[in-house]
Amino acid sequence: MAQPSYYTLVYAITREIPRGRVSTYGAIADFLALGSARMVGWALNNSFNQEGIPAHRVVNRKGELTGRNHFPSPTMMQEMLEEEGVKVEDHRVVDFDRLSWHPRVLGMDYEINIE
DNA sequence: TGTTTGACCACGG
DNA sequence: GCCGTGGCCAAAC
């Protein structure tokens, strides 16, 4: 994509989420200082066109896997997380407070790598 | 072109 | 701590 759209930014940040950690829609929207948390969800919905985007690591602020219904299989999101060592119980990330990751750690001058 | 709709969040009561 | 409400902005209709 020559011109970075909002989607591109969301995708780039989502790719930076470390394995075994989770992030939230609000955190991503907050770091981008653009749009809203809703748009992050919209972008991720469209992210199935792109490959290699760990959309399963993005949950809502309560740690709930609200996006699970948008995966090919509703149980896939949980299984992928558990495979990375993130325990999920009753559609919620266990110990979410400790595992939540904020893109701020990338630094303010982080340059997004657009493919 | 105007309205509706989202994988949401912060806030006030 | 739960509930209603407003805000957010791009796509679909």
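Just so we're on the same page: letters track the sequence lines, and every chain starts at 1.
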Practice prompt. Under 4.0 Å between any heavy atoms, over every strand shown, what does A:N60 touch: base, sugar-phosphate, or nothing? Just pick one.
Written response: sugar-phosphate
Worksheet item: Rounded to whole angstroms, how far apart are CG on A:L34 and C1' on C:dC8?
Response: 12 Å
Can you pull every protein N or O that's under 3.5 Å from an N or O on nucleotides 1-3 of chain B?
none

Item to complete: Output the distance between atom OH (A:Y7) and atom CD1 (A:I53), rounded to the nearest 0.5 Å.
Response: 12.5 Å
Practice prompt. Just jot down the salt bridge (Lys or Arg N to Asp or Glu O under 4.0 Å) partners of A:D97, sequence neighbours excluded, or say none.
Written response: none
Discussion item. Other members of the hydrophobic cluster containing A:V94, with the 4.5 Å side-chain heavy-atom rule, please.
Written reply: none
Worksheet item: With A:D95, which residues qualify under salt bridge (Lys or Arg N to Asp or Glu O under 4.0 Å), at least two apart?
Response: A:R98
List every contact pair, protein side and nucleotides 10-13 of chain B side both N or O, where the distance is under 3.5 Å.
none

Report all interatomic pairs (protein N or O, nucleotide N or O of nucleotides 10-13 of chain C) with separations under 3.5 Å.
{"residue": "C:dA10", "atom": "O3'", "partner": "A:Y7", "partner atom": "OH", "Å": "3.4"}
{"residue": "C:dA11", "atom": "OP1", "partner": "A:Y7", "partner atom": "OH", "Å": "3.0"}

Worksheet item: Quick one: side chain to side chain contact (heavy atoms under 4.5 Å, CB included) partners of A:E79, sequence neighbours excluded?
Response: A:T75
Discussion item. Going by salt bridge (Lys or Arg N to Asp or Glu O under 4.0 Å), name the residues that satisfy it together with A:R104, two or more places apart in sequence or in a different chain.
Written reply: none
Worksheet item: If you look only at pairs with a residue in residues 21-35 of chain A, which of them pass as a side chain to side chain donor-acceptor pair (under 3.5 Å), with sequence neighbours excluded?
Response: A:D30-A:H102
Worksheet, complete the sentence: Sorted by chain and number, sequence neighbours left out, side chain to side chain contact (heavy atoms under 4.5 Å, CB included) with A:M76 holds for A:F71, A:P72, A:S73, A:M80
Fill in: For A:R92, side-chain hydrogen bond (donor to acceptor under 3.5 Å, both in side chains) partners two or more places apart
A:D90
Item to complete: Figure out the CZ/P separation between A:F71 and B:dA7, and round it to whole Å.
Response: 13 Å
Item to complete: With sequence neighbours excluded, tell me which residues meet salt bridge (Lys or Arg N to Asp or Glu O under 4.0 Å) with A:R19.
Response: none
